[in-house]
Amino acid sequence: MTVQTALPNQERHSVSGFSGDYFCLDHLNVGYEGTVVIEDVNIGIAQGEILTLIGPNGAGKSTILKTITRQLEPISGVVRFNGVDWTTIERHKLAQMISVLLTERIRPELMTCEDVVAMGRYPYTGSLGVLQPEDQKIVDEAMELVHVSELAEKDFSAISDGQRQRVMLARAICQQPDLMILDEPTSFLDVRYKLELLNILQKMSRERGMTVVMSLHELDLAERVSDRIMTVRPGRPGVIDRFGTSEEIFTPGYIDDLYGLTVGSYDESSGRVELPAITGDPRVFVVCGGGTGTLVFRRLQREGTPFAAGILTENDTDYPVAASLAAELVAVPAFQVPGNEAVQQAQAVIDRCERVTCTLGEDRLTPSLRALVDYAKDKGKLA
Amino acid sequence: MSTMAAKRRARWTAGFVFLAIALVVLLILSICLGSVRIPLEDLFALFTGGEASALAKNIVVTTRAPRALAAIILGGALALAGYLLQTFFHNPIAGPFVLGISSGAKLAVSVVMILFLSWGLTVNSFTMILAAFAGAMVSMAFVLWLSNHVQGMGMLIVGGVMIGYICSAITEFIVTFADDADIANLHYWSQGSFSGITWDNVWVMLIVVAVTTVFVFLLSKPIGAFQLGENYAASLGVNVKRFRVLLVLLSSFLAATVTAFAGPISFVGIAVPQLMKGLFKTAKPLLMVPACFVGGSVFCLFCDLLARIVFAPTELSISVVTAVFGAPVVIAVLIRRKRGGE
């Protein structure tokens, strides 16, 4: 079963969106050597907000970020920070306001991790760049915050990619920016550090009013951490497809459409991805509910066995996965007690199946599910 | 952690103390050793204004002292030029000689000298430096063009070496067919040598190199940021475009000054910064700039001393000796980087 949402015929122009005017991209055309990659980026966010860019590989997220980190000149348009066109802000002033975490790998020679982090104090130190005691304190705190203090004396080129990413985050933090720009900051990080990174960003945005602009591949994380999301739809040129809160972005079927998912599916409400369902006549019927069926569905999918599931209410935790993976699904609307009609429909499906699996204990069977289990027993199909 | 910091500080102090002692010892040896030995007492007497033999005084004042000072000043300049080029190209085996910059300077100086001689003019130090700088910049322009068209540090070096060969070939051609008696000197110079340096030369090079070195030292801060790559440096407030131009100009100017007085000298520019990084175990520019300078001085004094005395009275060209000690360092760097995973 696939969700077919009637999306309006692709209108190929960028949407505008403003949740504030602290940091604004004002009719920005971005691209390389005069070729526009994304046209008319026109958005603004308030101070302390977290804005995340999502979109398929190659859509142009990095191009937008490179433009706002000034690695690329905008083809046209202006980036405004607090209302000021930021090409008019002096370099070292700008460096005190904005720090970046880039995707490029750096290989500095003979620098300890602490040396790398301390480079974040560059905009604040004197003409020879000598650290003062208060700079050292800020460096230490930043390393503490991202748990890299124990790496301080290690050679930067001798640590793992994930550790490097965290050291670079500490560097960005000790630059004490008002705005932090991060391109794919979660790459190389394991789940613990992904969550820690986002937690740190969230804390700094709440407690210090730091504004964050980043790109993420993990849609589930983007949905959870972002105050605003901007989606980038590839094309010639690409456009900003949506700008808004998570609720406004993650409408059913949108992600499948944005990313052009042709195999599998993405569940907007839970942030789960599923591989494609095994289609065909169901061979197994799974009697389930309350999340007990999910792992069974996935096992059957891995085994390549088409299956049916039921009877689920649409608010059951098993429902989204069943909807993605089951060849046939017997379901009733949310909060509704399944009636006779649903039971008969399920029994008809069981007739076509080779066997029936029940994932619920005896004591948890509702009357309608008990009716199904008894029916399967009679037919000798209960596994 | 503070013990680690203290340890590092001790290492840095020890490094500079070692370099200072080596410099003084080598300076004394350079002045005392040679076809005529100068006893230490005579040297001491010369310094304190006491009695010393006329011969000793003559040798020290007119020949050995300016030569040793030239080795100190030019050796430091050469190592610094190498350090700047390594920073610029993010390439540990870059240097003014391998990139062909010294050879470009050599070619320009040869042409200017022969032209001036044929017009019956003498060439002063500043003209030589200017000519060398022009030649260095032409080579540098080609290297920069090349760096945009080739991938990887190896190819850049190969390109630089080719530029060096082309310039050397043209220089040899010119020198061979210019049949003036003065050209004999030119031939010797074009092989690289600290001999024949006058006090006038020493004063000029001292002023030029001192000013340039102070300027480089003041660039320590952006050099440090540049180690994180251009994009991060820019995000920290470095005017990357201007900084790159400065690096090119300063490194070319230092290399050109050396070439103008001593001809092309190989391997000092590559090997000394590497040796200093190994000795100090850091790449902090605030330490590396002075360390490379003094290290270059020590290295060149040492090599020049060997060039003079090993096969005395025959004198080796300085590049022969610097290559013997410098090339293994480059090979070691290549092997270590391979082991390091790249």
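Below, chains carry the letters A, B, ... as their sequence lines are ordered, and counting in each starts from 1. Heavy atoms only: backbone and side chains are in, while hydrogens, waters and symmetry mates are out. Predicted, not measured: the structure shown is a model, and the values here were computed from it.
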Under 4.5 Å from a heavy atom of chain B, the part of [X] involved:
| X | value |
| --- | --- |
| A/Thr69 | neither |
| A/Thr125 | both |
| A/Ile181 | neither |
| A/Met119 | both |
| A/Gln175 | side chain |

Roughly how far, to the nearest 0.5 Å, is [atom2] of [Y] from [atom1] of [X]?
| X | Y | atom1 | atom2 | answer |
| --- | --- | --- | --- | --- |
| A/Ile98 | A/Met180 | CD1 | CE | 11.5 Å |
| B/Phe299 | B/Thr322 | CZ | OG1 | 6.0 Å |
| A/Ile50 | A/Leu216 | CD1 | CG | 9.5 Å |

Go through the atoms of [X] and report whether side chain, backbone, both or neither lie under 4.5 Å from a heavy atom of chain A.
| X | answer |
| --- | --- |
| B/Phe217 | both |
| B/Leu236 | both |
| B/Ala225 | both |
| B/Pro222 | both |

query: So which of B/Ala234, B/Ser235, B/Gly229, B/Ser220 has the largest heavy-atom pair count under 4.5 angstrom toward chain A?
result: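 Top option by heavy-atom pairs under 4.5 Å: B/Ser235.
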Taking B/Leu218, B/Asn239, B/Thr282 one by one, which has the highest count of heavy-atom pairs under 4.5 Å against chain A?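 Option with the top pair count is B/Asn239.
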Taking the six-membered ring for Trp, are A/Phe23 and A/Trp86 parallel (under 30°), tilted (30 to 60°) or perpendicular (over 60°)?
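Taking A/Trp86 first and then A/Phe23, their aromatic rings sit tilted (interplane angle of 30° to 60°).
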Taking every heavy-atom pair that is under 4.5 Å apart, which of [options] has the most such pairs with chain B?
| options | answer |
| --- | --- |
| A/Pro123, A/Ala158, A/Ser99 | A/Pro123 |
| A/His92, A/Arg121, A/Glu109 | A/Glu109 |
| A/Ile106, A/Leu102, A/Val100 | A/Leu102 |

- Greater than 12 external heavy atoms within 6.0 Å of A/Glu104's CD: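 Yes, because the 6.0 Å sphere around CD of A/Glu104 holds more than 12 heavy atoms from other groups.
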*Heavy-atom count around A/Glu33 CD within 6.0 Å, excluding the residue itself: above 12?*
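Open: at most 12 neighbouring heavy atoms sit under 6.0 Å from CD of A/Glu33.
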* **Lys/Arg cation over aromatic B/Phe280: B/Arg11, 6.0 Å, 45° cone** =>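 That pair does not qualify as a cation-pi contact.
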- Task: Might you point out which heavy atoms bring B/Gly295 and B/Val272 nearest each other, and give the distance in Å?
- Result: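 In terms of heavy atoms, the two residues are closest at C-CG1, 3.6 Å.
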Checklist entry - With respect to A/Ser62, which candidate in A/Thr103, A/Asn57, A/Asp183 satisfies the side-chain hydrogen bond (donor to acceptor under 3.5 Å, both in side chains) definition? => result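 The residue from A/Thr103, A/Asn57, A/Asp183 that satisfies side-chain hydrogen bond (donor to acceptor under 3.5 Å, both in side chains) with A/Ser62 turns out to be A/Asp183.
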